[in-house]
2 protein chains.
Amino acid sequence: MSLRIALLGLLSGVGPASGYDLAKKFEHSLNHVWQAGHTQIYPELVKMAADGLVSAESEGPRGRKLYTITPAGAQELHTWLVEHPPVATVRNEVALQAFLLPLLGKDDAIAAVERIRDGYQARLAVLECLTEPGFGKYARALGLRQVRSGIEWADETLADLKRD
Amino acid sequence: MSLRIALLGLLSGVGPASGYDLAKKFEHSLNHVWQAGHTQIYPELVKMAADGLVSAESEGPRGRKLYTITPAGAQELHTWLVEHPPVATVRNEVALQAFLLPLLGKDDAIAAVERIRDGYQARLAVLECLTEPGFGKYARALGLRQVRSGIEWADETLADLKRD
DNA sequence: CGGTACATGTAAAAGGTTACATGATTTC
DNA sequence: GAAATCATGTAACCTTTTACATGTACCG
C-alpha cells in the first residue's frame with residue numbers, strides 16, 4: 001500500500017513521470033522516507049494502471065512511458081493522507097543493536113555505539129545537504145530531528161559505557 | 001537475518017525459551033524495536049535448529065519446546081553485533097506522510113499532523129511505562145529520544161502550518 | 001565507436017502478514 | 001464444564017531483494 005501512496009504522491013507533486021524518473025526520486029529525495037528499486041516500481045505502476053489510479057501515456061524516446069495520476073488516484077492518495085492511522089510498525093536494526101548492547105563486553109559495546117554514531121552522522125550530512133524546495137521539507141525536518149536525537153543517544157550511551 | 005539475531009539475542013539474554021515465550025517478548029519488550037508474530041517465529045526456529053544455531057530441547061507440558069542458543073549461535077550473534085554496518089534502510093509511514101504533507105490543504109494538513117502527534121504521544125506513554133531491568137534499557141532510551149523528537153517536530157510543524 | 005546514462009523488464013528467493021486449524025492445561 | 005491462556009503449526013498471499021536480461025540515445 002505505502003509504495004502505491006509514495007508513487008501517487010510523487011506523481012501528484014512533480015507531475016507526469018516515467019518509472020525511471022520515479023526510481024530516481026526514490027534514490028534521492030525520498031531515500032530517507034521510503035525505499036524502492038526499479039524492479040519493484042515498474043510492476044507496481046502496471047498494476048496501478050490496471051486499477052485506474054494512473055494512466056500510461058504514449059511511449060517516448062527509449063521506450064519511455066509517462067505515467068499520470070488519475071482523479072481516482074488522487075482520491076486514493078488524499079484518503080490515505082487524511083485517514084491512515086499512524087501505525088508504529090517499527091523494524092529498526094539500529095534499535096535492535098541498541099537493545100542487545102548489554103550482551104556485549106565494554107569495549108565491544110563502545111565500538112558498536114561508535115559505529116552507530118558514525119552512521120547517524122553520515123545521514124545527518126546527507127540531510128543537511130538536501131535543499132528541497134517546499135516538497136519534502138517537512139520530512140527533511142523530521143529526519144534531521146530524528147538523526148540528531150540518535151547522535152545525542154549515542155553520546156549519552158558512550159558516556160554511560162565509559163563510566164563503568 | 002535480523003529476525004534470527006533478535007531471536008538469538010533473546011535466547012542469549014533471558015536463557016532457554018519456547019517459541020511462545022519468544023513471541024511474547026516480541027509483543028512486549030521488543031515491540032518498539034522489531035516485530036514478529038508466532039507464524040514467523042516458529043518456522044524460523046526450526047530453520048535455526050537445522051543450521052545449528054539453537055538446539056531444540058525436550059517437549060514440555062503442552063507440546064512445549066524449549067530452545068537453547070548453541071555456541072555457534074552465540075558466535076553468529078556476537079559477529080553481527082560487532083560487525084553489522086549501520087544500514088539505514090528507512091521505511092517509515094509517518095515520514096512518508098510528512099513528506100507528502102504539502103499536497104494537503106491547510107486544514108487537512110493540520111489534522112494529519114495532529115494525528116501523527118497523537119501516535120507519538122501514545123508510543124511515548126508506552127515507553128515511559130516500560131521499566132526494563134538492564135536488558136533493553138539502551139533501546140528504551142533511544143526510543144524515548146526518537147519519539148520526543150517526533151513530538152517536537154509535530155509541534156513545530158503545527159505552528160508553521162497555522163502561521164500561514 | 002566506445003562509454004555512460006537512459007529506460008524497461010522478468011524470475012527466483014527471502015522476508016513478512018493474514019487466515020485457518022488444532023489441541024492441552026488451568027482457572028473459575 | 002466453560003472460558004482463558006498456553007502452545008504449536010500450515011497455507012496463501014503480499015512485499016521486498018537480488019540476479020539476470022535487453023536495448024536505445026547521447027556525448028566525446
Side-chain angles (χ1 to χ4, degrees), chain A residues 1-8 10-11 16-28 30-31 33-51 53-54 56-68 80 84-85 87-93 96, chain B residues 1-8 10-11 16-28 30-31 33-51 53-54 56-68 80 84-85 87-93 96:
Chain A
M1 195 73 259
S2 294
L3 175 60
R4 282 190 169 205
I5 296 303
L7 292 169
L8 289 173
L10 286 175
L11 288 175
S18 66
Y20 188 87
D21 297 335
L22 293 167
K24 287 287 161 200
K25 289 281 171 192
F26 271 90
E27 253 180 68
H28 301 113
L30 213 61
N31 60 349
V33 161
W34 205 266
Q35 265 143 293
H38 76 276
T39 60
Q40 204 183 354
I41 292 169
Y42 290 139
E44 188 65 27
L45 285 169
V46 172
K47 281 188 227 156
M48 288 163 75
D51 292 346
L53 302 176
V54 297
E57 308 294 330
S58 61
E59 305 220 344
R62 278 153 279 209
R64 175 185 169 90
K65 292 174 194 167
L66 255 202
Y67 288 94
T68 309
W80 188 87
H84 188 71
V87 260
T89 314
V90 185
R91 200 163 269 129
N92 184 338
E93 283 196 357
L96 180 58
Chain B
M1 197 71 259
S2 294
L3 175 60
R4 281 189 169 206
I5 297 302
L7 291 170
L8 289 173
L10 286 175
L11 288 175
S18 67
Y20 188 85
D21 297 334
L22 294 167
K24 288 288 160 201
K25 289 281 171 194
F26 270 90
E27 255 180 67
H28 302 112
L30 213 62
N31 61 348
V33 161
W34 205 266
Q35 267 143 292
H38 76 276
T39 59
Q40 204 184 352
I41 292 168
Y42 290 139
E44 188 65 27
L45 285 169
V46 172
K47 280 187 229 158
M48 287 163 75
D51 292 348
L53 303 175
V54 297
E57 308 293 331
S58 60
E59 304 222 343
R62 278 154 280 211
R64 175 184 169 91
K65 293 174 194 167
L66 256 203
Y67 289 93
T68 308
W80 188 88
H84 188 71
V87 258
T89 314
V90 185
R91 199 162 269 129
N92 185 337
E93 283 196 357
L96 180 58

Test your reading of the model: is there a side-chain donor-acceptor pair from D51(B) to the backbone of M48(B), 3.5 Å cut-off? no

Does the side chain of Y42(A) get closer than 4.0 angstrom to OP1 or OP2 of dT8(C) through an N or O atom? yes

Identify, between V46(B) and G37(A), the residue whose nearest nucleotide on DNA chain D lies closer to the 5' end. V46(B)

Would you tabulate the pairs of protein nitrogen or oxygen atoms and nucleotide nitrogen or oxygen atoms of nucleotides 25-28 of chain D closer than 3.5 angstrom?
residue : atom : partner : partner atom : Å
dA25(D) : OP1  : P61(A)  : O            : 3.3

Under 4.0 Å between a side-chain N/O of Y20(B) and OP1 or OP2 of dC6(D), yes or no? yes

Nearest-Å distance for atom pair CD/C1', residues E57(B) and dT8(D): 18 Å

To the nearest angstrom, how far is L3(B) atom CG from dG16(C) atom P? 6 Å

Test side chain to side chain contact (heavy atoms under 4.5 Å, CB included) on L22(B) and Y42(B); report intermediate values, then the result. CA-CA 10 Å; L22(B) 294 167; Y42(B) 290 139; over 6 Å; no

Mind calculating the distance between CD (Q40(B)) and C1' (dA11(D)) to the nearest angstrom? 15 Å

Between A6(A) and L30(A), which heavy-atom pair has the shortest distance, and what is it? CB-CD2, 4.1 Å

Rounding to an integer number of Å, can you tell me how far R4(A) CZ sits from dC14(D) C1'? 12 Å

Testing dC6(D), dT17(D), dT10(D) for proximity to the side chain of T39(A), the answer is dT17(D)

What nucleic acid atoms does S18(A) come within less than 4.0 Å of, heavy atoms only: base, sugar-phosphate, or nothing? sugar-phosphate

Ignoring hydrogens and geometry, is there a side-chain-to-backbone donor-acceptor pair from Q35(B) to V90(A) under 3.5 Å? yes

Please tell me which of D21(B) and T89(B) maps to the more 5' nucleotide of DNA chain D, matching each residue to the nucleotide holding its nearest heavy atom. D21(B)

What's the spacing between H38(A) NE2 and K24(A) NZ if we round to 0.5 Å? 10.5 Å

Euclidean distance, atom CG of residue D51(B) to atom C1' of dA14(C) [Å, nearest integer]: 14 Å

Going by the angle between their ring planes, with limits at 30° and 60°, are H84(A) and W80(A) parallel, tilted or perpendicular? parallel

Provide, to the nearest angstrom, the distance between the NE2 atom belonging to H28(A) and the P atom belonging to dA5(C). 11 Å

Base, sugar-phosphate alone, or nothing: which one does G19(A) contact when heavy atoms must sit under 4.0 Å apart? sugar-phosphate

Separation of K65(A) atom NZ from dC6(C) atom C1', in whole Å? 15 Å

Please state how far atom CD in E44(A) lies from atom C1' in dT10(C), giving the value in whole angstrom units. 16 Å

Once you round to the nearest 0.5 Å, how far does CG of L7(B) lie from CD of E44(B)? 6.5 Å

Check this one for me: any side-chain N or O of R91(B) less than 4.0 Å away from OP1 or OP2 of dT17(D)? yes

